[in-house]
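Here the structure comes first, spelled out in structure tokens, and everything after it is commentary.
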Amino acid sequence: MANKKPSIPKGTRDFLPAEMQKRSYIFDTIKEVFQRYGYLPIETPAMENLSSLLGKYGEEGDKLLFKILNSGDFFSKIKNKDEESLITNKITPLISEKGLRYDLTVPFARFVVQHRNDISFPFKRYQIQPVWRADRPQKGRYREFFQCDVDVIGSNSLLNEVELILIIDDVFTRLGIETIICINNRKILYGIAEVIGEPDKVIDITIAIDKIDKIGLEKVNEELFQKGLSAEAIEKLQPIINLKGILKEKFPKLMEILKDSEIGLQGIEETMMVLRHLKDLDLDNKWRLDLTLARGLNYYTGAIIEVKAENSSIGSICGGGRYDDLTGIFGLPDVSGVGISFGADRIYDVMTEKNLFPNKSISTSKLLFVNFGKDEEKYCLPLLAKIRKAEINAEIYPDHAKMKKQMTYANNKNIPFVVLVGADEMRTGKLTLKNMQTGEQDKLPIDKIIEKIISISN
RNA sequence: GUGCUAGUAGCUCAGUUGGUUAGAGCAUCGGAUUGUGGUUCCGAGGGUCGUGGGUUCGAUUCCCAUCUUGCACCCCA
């Protein structure tokens, strides 16, 4: 009798038809744009070997991986069952060798290495699938969510970076979301770390200055000090973080600062190239160079991109960058890729918040046959087939229920037309067509009904 | 993983300083109307008061634990 209420795991969601319709709208729009730019779809399994996943996302990422318990009697295979060897991180490799994917980029790198002989480079692919993270859920953060990735792999050209930004601009313009696209380059960040004499602390530095908008300059400096940066290095960093002004002024200053760092200068050059193109292209969305943009994922090496919706509490809705050696870890060195990922669920949240979904009716059915009984069913079925052949979405109520019930069904499902077929209609061949919006009724033969519905829906 | 908030019908929420049968609106179902929905009127079903334990004569109410939700940190789409 244990009649427990059914539930789903923390941070996961069911989607009702009304939500699915809106989600499909987002996915369809994104897919259409991806294809417009010449990207082709792939899919990869929900689970990967843990060895493919671990160590790719940083320490924090490893913690957030969902691990899958081995099948069978794995426990008997463990030799030492004393407490010492049962500590989580020691026992994990013994009982789990698979995990749910954390993003689509790392599985893609694995995919490219594995299928290198079946694809030709540069390889442009898109991939729309769910990913899983064992994070604490909160606003705009789920444990299962969909990413829409576009990547080009096997090309060093900065044209790819430019193209991805155009895709971002295209997608958000179509969806009606006003965004700001932030652009930076990891090489500039490396350069800065080099110049201030703390090249080993790049990650700490970037993570800290990434928070400057949120916690302010003082707290950032505090955090840097705690991470072990010398006071001198922090001092040197200040003018860089505080670089103000328009691009024309920023770049010469930055070049002066980074003049002793080869990698830093390279980063500046790359970024200037990209931005110069963007200037010519007249985007609908705002964009800017943001030296405080860092992004947490370890594998980025060049350009980094992040998109935020304007005036929204939901965090970034799209992000990405260039990774020079992701395939290297899987045994294929010297292949560079760039890619971005759209967070479909956050885009959904932003669009809900700002009421940006087009208000279409939920049902796709244009017409419902009311069911009066056995003889009438028999009479209606061929007519229904005819209507469907005319490419009109239509259905018949499956039970011989009361009129009220059937009409309510049509009403709730937003079906614009109802056809009533009883003894009278069967005798004359003229069916009663009811317009659910106006309440008007006509007696028409089936061909006229088809004509009418087609003319109205066009 | 850390801190804070909350959990009462399918949904949104009342309520109880610990005391018989826990309420409303919406939704659902039925009827007024056996071939006419969206508006109206009448009625019905639905709750182990998140779960487990403790204190008490008695707990939905107090205490503890746990799960879930929301928020902040961390991190991120």
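This is a predicted model, so every value here is computed, not measured.
Note on A:Glu425: a base of the nucleic acid sits closer than 4.0 angstrom, heavy atoms only. Among the protein residues, A:Ala134 comes within range of no part of the nucleic acid, since none of its heavy atoms lies under 4.0 Å from any strand. Using a 4.0 Å heavy-atom distance criterion, A:Lys63 is classed as making no nucleic acid contact. Contact annotation for A:Cys318: backbone-only contact, meaning every heavy-atom pair under 4.0 Å involves sugar-phosphate atoms and none involves a base. If you check every strand for non-hydrogen atoms under 4.0 Å, A:Ile317 touches sugar and phosphate atoms only. In this structure, A:Gly61 reaches neither bases nor backbone, as no heavy-atom distance under 4.0 Å exists between it and the strands shown. No engagement by A:Asp345 is indicated, since no non-hydrogen atom pair under 4.0 Å with the nucleic acid exists.
Look at the C1' atom in both B:G43 and B:G54: the space between them is 44 Å, to the nearest Å. A gap of 42 Å separates the C1' atoms of B:U17 and B:C41, to the nearest Å. Nucleotides B:G38 and B:U21, compared at atom P, are 39 Å apart to the nearest Å. The C1' atoms of B:U12 and B:U55 are separated by 34 Å, rounded to the nearest whole Å. Between B:C11 and B:G35, the distance separating the two P atoms is 33 Å to the nearest Å. Using atom P as the reference point in both B:G15 and B:G50, the two lie 15 Å apart (nearest Å). Comparing the C1' positions of B:A59 and B:U51 gives an interatomic distance of 15 Å, to the nearest angstrom. Rounded to whole Å, the P atom of B:G1 lies 10 Å from the corresponding atom of B:U68.
No close placement of the A:Tyr397 and A:Phe369 rings is indicated, their centers lying 6.0 Å or farther apart. Here A:Tyr126 and A:Phe342 keep their ring centres 6.0 angstrom or further from each other. Ring-centre distance between A:Tyr102 and A:Phe66: not below the 6.0 Å cut-off.
A sub-4.0 Å separation between OP1 or OP2 of B:A27 and a side-chain N or O of A:Asn412 is absent.
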Report task. With side-chain contact (heavy atoms from CB on, under 4.5 Å) as the test, would you mind laying out the steps for A:Tyr39 and A:Ile167 before giving the verdict? Result -> CA-CA 11 Å; A:Tyr39 293 78; A:Ile167 288 176; 3.7 Å; yes
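Projected onto RNA chain B by closest heavy-atom contact, A:Gln437 and A:Phe146 fall at different nucleotides, the more 5' of which corresponds to A:Gln437. Along RNA chain B, the nucleotide nearest A:Phe145 and the nucleotide nearest A:Met403 are compared for position; the residue whose nucleotide lies closer to the 5' end is A:Met403.
The base of B:U36 lies close enough to the side chain of A:Gln441 for a donor and an acceptor atom to sit less than 3.5 Å apart. A donor and an acceptor atom sit less than 3.5 Å apart, one in the side chain of A:Asn411 and one in the base of B:G37.
Regarding A:Asp149, its CG atom lies at a distance of 10 Å from the P atom of B:A77, rounded to whole Å. Atoms CE (A:Met407) and C1' (B:U36) sit 4 Å apart, rounded to a whole Å. Taking atom NZ of residue A:Lys405 and atom P of nucleotide B:U34, one finds them 18 Å apart after rounding to whole Å. Rounding to whole angstrom units, OH of residue A:Tyr300 and P of B:A77 are separated by 6 Å. Atom CG in A:Leu431 sits roughly 19 Å away from atom P in B:G35 (whole-Å rounding). For the pair A:Asp424 CG and B:U36 P, the interatomic distance rounds to 14 Å; values are reported in whole Å. One can place CG of A:Leu64 at 9 Å from C1' of B:C74, the figure rounded to the nearest angstrom. Here the P atom of nucleotide B:C74 and the CD atom of A:Gln226 are 12 Å apart, to the nearest Å.
Classification of A:Arg125 and A:Asp149 as a salt-bridged pair holds, one side-chain N sitting under 4.0 Å from a carboxylate O.
With a cut-off of 3.5 Å on both Watson-Crick or G-U wobble distances, the partner of B:G18 is given as none. Base pairing analysis places B:G25 opposite B:C11; the two distances defining the Watson-Crick or G-U wobble pair are each below 3.5 Å.
Closest approach of A:Glu161 and A:Ala303 over heavy atoms only: CG-CB, 3.7 Å.
In this structure, A:Arg388 places its CZ atom where more than 12 heavy-atom neighbours from other residues, nucleotides or ligands lie under 6.0 Å away.
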Query raised in the report: Can you give one letter per nucleotide of nucleotides 66-72 of chain B, 5' to 3': B if a protein heavy atom sits under 4.0 Å from the base, S if only from the sugar-phosphate, - if neither?
Result: --SS-SB
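Nearest nucleotide to the A:Arg133 side chain, out of B:A77, B:G37, B:G35: B:A77. Closest to the side chain of A:Lys404, out of B:G37, B:A77, B:U36, is B:G37. Closest contact between the side chain of A:Arg346 and the listed nucleotides B:C76, B:G38, B:U36 involves B:C76.
Rounded to the nearest 0.5 angstrom, A:Ile304 CD1 and A:Ile340 CD1 are separated by 14.0 Å.
The side-chain heavy atoms of A:Tyr25 and A:Phe357, taken from C-beta on, include a pair separated by under 4.5 Å.
If you check the side chains of A:Asp169 and A:Asn285, you find a donor sitting under 3.5 Å from an acceptor.
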